[in-house]
Undergrad: 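Have a look at this one before I ask anything.
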Amino acid sequence: MEQNFQKCTTMSVRVRFAPSPTGPLHIGGVRTALFNFLFAKKNNGKFILRIEDTDRSRYVPGAEDHIKNSLKWLGIEWDEGPDVGGPFGPYRQSERVNLYREYAELLVKKGHAYYAFDTPEELEAFRERLRKAGVPNPQYNSITRQYMRNSLTLPADEVEKLINSGTPYVIRIKVPRNREIKFYDVIRGWVSFNSNELDDKVLFKSDGFPTYHLANVVDDHLMQITHVIRGEEWIPSTPIHVLLYEFFGWEKPQFAHLPLILRPDGKGKLSKRAAIEAGFPVYAIKWTDPQTNESNEGFREIGFIPEGLINVLALLGWHPPEDREIYTLEELINYFELDRVGKSGAQFNFEKAKWINQQHILRLSPEKLYEYAEPFLSEYFSEGVDRETLMRALLVMRERGTTIREILELTKSVFYPPELNSVFELLPEWNEQVRTALSEFAEVISKEETDSHDISNKIKEIAKRWELKKGKFMLTIRVALTGQKAGPPLGELITLIGKEEVVRRINRVLNAKEEGKQIQTK
RNA sequence: GGCCCCAUAGUUUAACGGCUAGAACACCGGCUUUUCAGGCCGGGGGUCCGGGUUCGAUUCCCGGUGGGGCUGCCA
């Protein structure tokens, strides 16, 4: 451990986020990227983005863009990676594919790996046989490899013949028998495995591509990665990686395995399906499946702002040193420590996420708030809305909404009169006094120069004169104006809507009520 | 099934052997001379169980239980 500390201080920190473009980037991945990013920036290190596209069969077009755009939207910028380049490129594994074979073969030469000629069908038959014999998870390991077709069991000349004749083969790691393999995890402490439980994992596939195990170790070494910060699901394959570092004779990086993000009910990893069921997104930004054309909104589309989502994700598994939960990216960088990352899985709580988002919306400058609202505007307003009024309205309404969309929804009431149905539904009570008071109010409003404070006084005055409870009277006005029972202080609302429009809306309700009465009496 | 990881209120968590176990979201109540999803104040609610170690365990050790992860020529 002392050695490790020394390493940290003498070498500059280099971390990487290494997603595979087999699908869109979900928030678990974003969280991993964020923690890597925070750790790098905190330590004046480099954050590297590396695309692990070694699985040709599962490659999804557009996924890489989705990954990059998600990170960009959130302000998680990479120092090295695709598009920006860097001294250790290329940063897409498919573009460095010719490099892995020699490393795999080096291991064969050293006696730490071997060629295996078993076809997928043979492997399946082998597994099936063992399963039937009562072995729940058959392994290709130090025992069973003796019964398979590989360079350990076949004579050397036959191996050569097979390879030269173009027979497909893979290269497997030769896991040593009965050894304790342990590594120190920055978050969890020592983790140890017995090598007998490990598979002879495939390092190099028959299609000429490396597997994750090989590629990730080779690239982490070549790119001088100092800390591997990744999800907990990688713990079981870490001993294989540890073995590889040892076989190559390379110094291994520090490992830090992050706790999983769980579904809201705690029953398993957060998945797209679980999130949809619970009613929130799993992606930072919208994703449209190129195959099915099915599309899912991201947090951006439902009205989260990047500041908010960053904060939400940072608090999933990490805890700041202070009793305070709202942080900017800069503050997060400043406070971030790996030793304040927890070990247990964190259930995603959408309610709290919205609250955090709201806290950040509340802190936005008017200009920034407008900027975030802008992409949504056409969905809520017609062309002609007054920009300045809209800006003022957003500022007033933001206290009452947790997302940009909620705020916009509330803001509509400033520009558009309510449905009369909802007005009638919510109007507290209606009688001659109310009617008279309301029309008097409209009259006063239209005549006198008033600010929002005067308006409140007028309301009280009129309510008193007509022996109405002022609370109820105010509610009446609010409902008549917006068709809603809740909203910003009435005075503010009225100045926002504008006197003329207020009078128009009140008269509209008055007239409608009048007509309704006539219909009833007929 | 095997291996590994984890375990403080409903949820996210604080406490790195020593104060009535601290906060936030949610919930309940009050106030904010109207509403409220905003603000303020208050309230209920927690150390999974059993053994150790110790003067003293949320904390350290062991065992159980529970939950999760992994178990592919996927990452």
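Predicted model only: the values in this text are computed from it and were never measured. Chain identifiers are assigned alphabetically (A, B, ...) following the order of the sequence lines, protein sequences preceding nucleic acid strands; residue numbering begins at 1 within each chain.
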Undergrad: What is the distance from CD of Glu406(A) to P of C36(B), rounded to the nearest Å?
TA: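 For the pair Glu406(A) CD and C36(B) P, the rounded distance is 17 Å.
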
Undergrad: For nucleotides U13(B) and U32(B), find the distance between their P atoms and express it as a whole number of Å.
TA: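 Here U13(B) and U32(B) have their P atoms 37 Å from each other.
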
Undergrad: Taking only the side-chain heavy atoms of Lys460(A) (C-beta and beyond), determine which of U33(B), G69(B), G22(B) contains the nearest atom.
TA: U33(B)

Undergrad: What nucleic acid atoms does Glu233(A) come within less than 4.0 Å of, heavy atoms only: base, sugar-phosphate, or nothing?
TA: sugar-phosphate

Undergrad: Between C5(B), C25(B), G38(B), which nucleotide gets closest to the side-chain atoms of Gln358(A)?
TA: G38(B)

Undergrad: Is there a side-chain contact between Arg127(A) and the phosphate of C73(B), meaning an N or O under 4.0 Å from OP1 or OP2?
TA: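 Checking C73(B) against Arg127(A), a side-chain N or O does come within under 4.0 Å of OP1 or OP2.
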
Undergrad: Could you tell me whether Asp339(A) contacts a base, only the sugar-phosphate backbone, or nothing, with contacts defined as non-hydrogen atoms closer than 4.0 Å?
TA: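 Asp339(A): no heavy atom of the nucleic acid under 4.0 Å.
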
Undergrad: Counting the atoms with a prime plus P, OP1 and OP2 as sugar-phosphate, which does Leu410(A) contact under 4.0 Å by heavy atoms, base, sugar-phosphate, or nothing?
TA: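 It contacts base atoms.
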
Undergrad: By nearest atom, which of the nucleotides C5(B), G68(B), U34(B) is closest to the Ile235(A) side chain?
TA: C5(B)

Undergrad: Does Lys269(A) put a side-chain nitrogen or oxygen below 4.0 Å from OP1 or OP2 of C70(B)?
TA: yes

Undergrad: So, are Glu331(A) and Arg324(A) salt-bridged, with charged N and O less than 4.0 Å apart?
TA: yes

Undergrad: So what does Pro321(A) hit on the nucleic acid, given a heavy-atom distance under 4.0 Å: a base, only sugar-phosphate, or nothing?
TA: nothing

Undergrad: Using the side-chain heavy atoms of Arg340(A), tell me which of these nucleotides is nearest: A75(B), A15(B), G38(B).
TA: A15(B)

Undergrad: Tell me what Gly266(A) touches on the nucleic acid: a base, only sugar-phosphate, or nothing, going by heavy atoms under 4.0 Å.
TA: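 Counting heavy atoms under 4.0 Å across all strands, the contact made by Gly266(A) is with sugar-phosphate only.
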
Undergrad: Tell me which one of His227(A), Lys252(A), Arg50(A), His241(A) satisfies side-chain hydrogen bond (donor to acceptor under 3.5 Å, both in side chains) with Asp220(A).
TA: Arg50(A)

Undergrad: With a 4.0 Å limit, can you tell me whether Thr54(A) has a side-chain N or O closer than that to the phosphate oxygens OP1/OP2 of A75(B)?
TA: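 So the side-chain polar atoms of Thr54(A) do come within 4.0 Å of the phosphate oxygens OP1 or OP2 of A75(B), strictly under.
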
Undergrad: What does Arg324(A) touch in the nucleic acid at a heavy-atom separation under 4.0 angstrom: a base, only the sugar-phosphate, or nothing?
TA: nothing

Undergrad: Checking all strands, does Leu490(A) fall into the base, sugar-phosphate, or nothing category for heavy-atom contacts under 4.0 angstrom?
TA: base

Undergrad: Does the gap between the ring centers of Phe280(A) and Phe348(A) come in under 6.0 Å?
TA: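 Ring centres of Phe348(A) and Phe280(A) closer than 6.0 Å.
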
Undergrad: Spell out yes or no: do the side chain of Ser206(A) and the base of C73(B) have one donor N/O and one acceptor N/O closer than 3.5 Å?
TA: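 By the distance-only test, yes, there is a pair.
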
Undergrad: For Phe35(A), is the NZ or CZ atom of Arg31(A) found under 6.0 angstrom from the centre of its six-membered ring and inside 45 degrees of the ring axis?
TA: yes

Undergrad: Does C73(B) have OP1 or OP2 under 4.0 Å away from a side-chain N or O of Arg172(A)?
TA: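 For C73(B), OP1/OP2 do have a side-chain N/O of Arg172(A) under 4.0 Å.
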
Undergrad: Base, sugar-phosphate alone, or nothing: which one does Val135(A) contact when heavy atoms must sit under 4.0 Å apart?
TA: nothing

Undergrad: Would you state whether a donor and an acceptor, one from the side chain of Arg400(A) and one from the base of C36(B), lie under 3.5 Å apart?
TA: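 Per atom types, the contact qualifies.
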
Undergrad: Counting only side-chain N and O atoms of Arg58(A), is one of them less than 4.0 Å from OP1 or OP2 of G72(B)?
TA: no

Undergrad: For the side chain of Lys205(A), counting heavy atoms from C-beta on, which of C74(B), A23(B), G2(B) is nearest?
TA: C74(B)

Undergrad: Counting the atoms with a prime plus P, OP1 and OP2 as sugar-phosphate, which does Lys343(A) contact under 4.0 Å by heavy atoms, base, sugar-phosphate, or nothing?
TA: sugar-phosphate

Undergrad: Please pick, from G69(B), G1(B), U34(B), the nucleotide with the shortest atom-to-atom distance to any side-chain atom of Leu260(A).
TA: G69(B)

Undergrad: From A75(B), U12(B), U34(B), pick the nucleotide closest to the side chain of Gln347(A)?
TA: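 Closest nucleotide to the Gln347(A) side chain: U12(B).
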
Undergrad: In terms of side-chain heavy atoms of Ser344(A), which of C5(B), C6(B), C73(B) is nearest?
TA: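 It is C6(B).
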
Undergrad: How far does CD of Glu467(A) sit from CD of Gln433(A), to the nearest 0.5 angstrom?
TA: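 Atom-to-atom, Glu467(A):CD and Gln433(A):CD are 7.0 Å apart.
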
Undergrad: Report yes or no: is the cationic atom of Arg172(A) (NZ for Lys, CZ for Arg) under 6.0 Å from the centre of the six-membered ring of Tyr115(A), at an angle within 45° of the ring normal?
TA: no

Undergrad: The side chain of Lys352(A) is closest to which nucleotide in this list: C4(B), U12(B), C70(B)?
TA: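 Nearest nucleotide to the side chain: U12(B).
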
Undergrad: Consider the side chain of Asn349(A), meaning its heavy atoms from C-beta on, and name the nucleotide among C74(B), C25(B), G72(B) that approaches it most closely.
TA: C25(B)

